[in-house]
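Note that ligands are numbered from 1 as they come in the structure, with each ligand's atoms numbered from 1 the same way.
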Amino acid sequence: MKAEFKNEPFTDFNDAGNNLEYDAALQRVAAELGGDYPLVIGGERIQTNRKFQSVNPAAKEQVVGIVSQADASLAEKAISTAATAFESWKLTEPGERARYLYKAAALVRRRKHEFSAWLTYEAGKTRAEADADTAEAIDFMEFYAREMQRLAEPQPLTRIDGEDNELYYIPLGVGIVIPPWNFPLAILAGMTTAALVAGNTVVLKPASTTPVIAAKFAELLREAGIPDGVVNYLPGPGGEIGDYLVDHPLTRFICFTGSRDVGLRINERAAKTAPGQKWIKRVIAEMGGKDSIVVDSDCDTDLAAEAIVASAFGFSGQKCSACSRAIVHEDVYDEVLAKVTERANKLVMGSPAAAGTNVGPVIDEKAYRSIRHYVQIGKREGRLVLGGGTGDPGGYYIEPTIFADVGPEARIAQEEIFGPVVAFMKAKSFDEALEWANNTDYGLTGAVISRNRAHLERARREFFAGNLYFNRKCTGALVGAHPFGGFNMSGTDSKAGGRDYLLLFTQAKLVSEKM
Ligand SMILES: NC(=O)c1ccc[n+]([C@@H]2O[C@H](COP(=O)([O-])OP(=O)(O)OC[C@H]3O[C@@H](n4cnc5c(N)ncnc54)[C@H](O)[C@@H]3O)[C@@H](O)[C@H]2O)c1
Ligand SMILES: N[C@@H](CCC=O)C(=O)O
């Protein structure tokens with residue numbers, strides 16, 4: 001067993017040397033932009049006639065890669081290849097499977113800035129956000145490798161005289177892994193490697209806007225020695241091949257992270273038994289959020305402002321954990337609003353490749369239009385205090401935007417915007433603030449900024465969120481320390497990066513021998 005798990009440290013970008021190394025990585029990756037990426041099924045690289053251009057959201061004209069697109073017949077080939085590979089992969093010892101993950105983690109660590117640079121180009125992540133994404137990918141692999149080794153140990157069972165009883169966690173079969181674009185390395189790596197270290201094989205369908213980083217990761221798994229067919233890289237239109245993969249009778253489980261609508265669709269389709277299907281499909285679905293930071297009357301208002309700005313505008317608010325509602329007690333409302341506005345006003349919006357940029361672009365034209373539409377709605381539902389505008393038209397830039405005096409039932413207080421927009425809501429009491437924090441269909445993250453112990457204890461019991469934080473931001477869960485996943489329409493609360501996670505990818509088998 002390896003040494004105890006520790007989180008990968010983040011890079012300090014106040015250090016000039018680290019910035020120079022990042023510059024060099026950006027340059028190396030720039031030389032590779034525009035390359036061709038085939039599908040990879042059973043180790044075979046397959047070019048298709050239909051291609052998708054992945055572009056840099058910060059510079060729309062820049063092509064990051066040209067990616068082949070699968071159709072139903074290639075989806076069929078990927079599933080049957082994964083099913084064949086499962087017959088041998090499931091027999092691989094858990095320790096051996098774990099070693100592949102340690103190796104893959106070491107390879108990413110060695111090329112950390114290079115992976116982060118791809119995230120900057122393809123997802124528009126600033127240096128710090130890209131670095132955190134890469135570090136989390138390393139963490140997931142290190143953590144799940146240890147977890148598999150733990151699950152492979154003899155499991156505690158009640159002793160019965162004359163019997164020898166053992167319980168094994170065995171794999172499920174072929175899994176469809178469907179990640180989102182917003183953590184295109186960490187979440188993709190976490191879901192894929194959790195599935196395979198548990199002994200399953202995978203069809204990996206990356207998000208359409210970030211298929212290149214997915215191809216880089218699939219290639220790295222090969223380099224780490226994972227046999228052909230265990231992970232099959234299958235980019236293609238979600239709406240088209242997604243249903244095919246989900247509906248397939250050989251699909252044993254679906255591991256999805258993304259929007260509520262797609263998650264619910266997958267859940268519904270997976271519940272229908274296809275002809276020839278022998279099992280109940282398992283669905284692991286992590287979905288959206290409408291997350292609140294509650295600010296109490298007795299609190300450190302600087303801390304509150306810092307937490308709101310970091311949670312609302314980090315990666316332009318494109319995190320399921322982002323604070324899109326600041327619910328502030330009326331006693332400190334004006335002060336907190338002023339402090340948040342002052343801090344947000346100083347954020348530097350611009351190219352995520354540049355050192356010192358705080359806010360990059362949003363992911364694509366669709367997101368850009370949708371967020372701008374919400375800004376228009378916000379102008380009717382609240383008072384625009386900051387932002388509302390756009391930036392360099394060469395990219396999809398939207399200014400950090402603050403609306404004040406928003407009601408709890410307003411659309412911008414209820415619907416996931418997934419952009420740099422925060423709604424301030426003035427609560428008369430802590431009771432009212434807590435009631436509003438719970439009045440959404442979601443239940444992913446939340447935070448309370450307070451010095452009042454009784455209020456914190458109440459929130460501990462009553463604030464209905466999968467990840468609740470006190471006196472800090474509501475983003476930035478760390479693997480192992482903050483297992484991540486939400487309640488209600490935020491998903492199945494699968495707690496990625498926690499000790500329960502791998503169980504979702506296994507089934508327990510008990511063998512009892514009479515002695
Ligand atoms: N809870 C979490 O842990 C978590 C983490 C990250 C993102 N998210 C959520 O993800 C959303 C943003 O990500 P997104 O825009 O990529 O989400 P999305 O639902 O649009 O897409 C997610 C994935 O589903 C695929 N897809 C689309 N239609 C499909 C279908 N019919 N069948 C199968 N797959 C299909 C997409 O191609 C993509 O790979 C936000 O709602 C955010 O809150 C949640
Ligand atoms: N785990 C990340 C959010 C993932 C979703 O976007 C966080 O805690 O901020």
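Because its NZ or CZ atom is not both nearer than 6.0 Å to the ring centre of Phe115 and within 45° of the ring axis, Arg111 does not count as a cation-pi partner of that residue. Annotation: cation-pi pair Lys125/Phe315 present, NZ/CZ under 6.0 Å from the ring centroid and within 45° of its normal.
Taking every heavy atom of both residues into account, Tyr233 and Pro211 meet most closely at OH-O, 2.7 Å. Pairing each heavy atom of Ile412 with each of Tyr374, the nearest pair is CG2-O, 3.8 Å. For Tyr397 against Ala58, the heavy-atom pair with the smallest separation is OH-CB, 3.4 Å. For the pair Lys281 and Val246, the tightest heavy-atom approach, listed with the atom from each and the gap, is NZ-O, 2.7 Å. A pairwise comparison of heavy atoms in Asn467 and His482 identifies ND2-O, 3.7 Å as the closest pair. Closest of all the heavy-atom pairs between Tyr501 and Ala194 is CE2-CB, 3.5 Å.
The part of Asn182 lying near ligand 1 is the side chain, judged by heavy-atom distances below 4.0 Å. Counting heavy atoms closer than 4.0 Å to ligand 1, residue Phe183 contributes nothing at all. Looking at Leu444 against ligand 1, only its side chain comes within 4.0 Å, counting heavy atoms. Counting heavy atoms under 4.0 Å from ligand 1, residue Met287 touches it through the backbone alone.
Numbered from 1 in the order shown, with element, the atoms of ligand 1 that lie under 4.0 Å from a heavy atom of Phe256 read 19 (O), 22 (C), 23 (C), 24 (O). Set against the non-hydrogen atoms of Arg265, the atoms of ligand 1 under 4.0 Å away are 31 (N). Ligand-side atoms of ligand 1 in range of Ile266: 33 (C), range being under 4.0 angstrom from any heavy atom.
Taking atom 3 (O) of ligand 1 as the reference point, the nearest protein heavy-atom neighbour is Phe484 CE2, 3.4 Å. What sits closest to atom 12 (C) of ligand 1 on the protein, heavy atoms only, is Phe418 CE2, 3.6 Å. Of all protein heavy atoms, the one closest to atom 30 (C) of ligand 1 is Gly238 O, 3.4 Å. Among protein heavy atoms, the minimum distance from atom 31 (N) of ligand 1 is reached at Asp243 OD1, 3.3 Å. The nearest protein atom to atom 32 (N) of ligand 1, hydrogens excluded, is given as Gly242 CA, 3.5 Å; this is a heavy-atom distance. The protein non-hydrogen atom at the shortest distance from atom 8 (N) of ligand 1 is Cys320 CB, 3.6 Å. Nearest protein heavy-atom contact of atom 35 (C) of ligand 1 is Val262 CG1, 3.6 Å. Nearest non-hydrogen protein atom to atom 20 (O) of ligand 1 is Ser259 OG, 4.0 Å.
Taking all heavy atoms of Ala207, Pro180, Pro179 into account, the minimum distance to atom 23 (C) of ligand 1 is reached by Pro179. Considering each of Gly258, Pro206, Ala322, the one bringing a non-hydrogen atom nearest atom 11 (C) of ligand 1 is Gly258. Residue Ile178 holds the heavy atom nearest to atom 24 (O) of ligand 1 of all those in Leu264, Ile187, Ile178.
Summarising the geometry, atom CG belonging to Leu204 is positioned 5.0 Å from atom CG belonging to Leu188; distances are rounded to the nearest 0.5 Å. Atoms CD1 and CZ, on Ile254 and Arg282 in that order, are 11.5 Å from each other to the nearest 0.5 Å.
With sequence neighbours left out, Ala305 forms a side-chain contact (heavy atoms from CB on, under 4.5 Å) with Lys339, Val340, Arg343.
Geometrically, ligand 1 and Trp181 share a nitrogen or oxygen pair separated by less than 3.5 Å. In terms of N/O distances under 3.5 Å, ligand 1 is not approached by Ser208. At under 3.5 Å, a nitrogen or oxygen of Glu416, whether backbone or side chain, sits near a nitrogen or oxygen of ligand 1.
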Check each N or O atom of ligand 2 against all protein N or O atoms and list the pairs under 3.5 Å, with atom names and distances to 0.1 Å, one per line.
unit_1, atom_1, unit_2, atom_2, d
ligand 2, 6 (O), Asn182, ND2, 2.8
ligand 2, 6 (O), Cys320, N, 2.8
ligand 2, 8 (O), Gly476, N, 3.2
ligand 2, 8 (O), Ala477, N, 2.8
ligand 2, 9 (O), Ser321, OG, 2.6
ligand 2, 9 (O), Gly476, N, 2.8

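Taking the six-membered ring for Trp and thresholds of 30 and 60 degrees, Trp118 and Tyr37 have ring planes more than 60 degrees apart, a perpendicular arrangement.
Aromatic pair Trp181/Phe418: ring centres closer than 6.0 Å. In this structure, Phe13 has its ring center closer than 6.0 angstrom to the ring center of Tyr22.
A salt bridge is defined here as a Lys NZ or Arg NE, NH1 or NH2 lying under 4.0 Å from an Asp or Glu carboxylate O, and Arg269 with Asp243 meets this definition.
Contact annotation: Gly239 has at least one heavy atom less than 4.0 Å from an atom of ligand 1.
In terms of modelled atom types and a separation under 3.5 Å, the side chain of Glu136 and the main chain of Ala186 share no donor-acceptor contact.
Thr390 and Glu399 share no donor-acceptor pair across their side chains, judged by distance under 3.5 Å alone.
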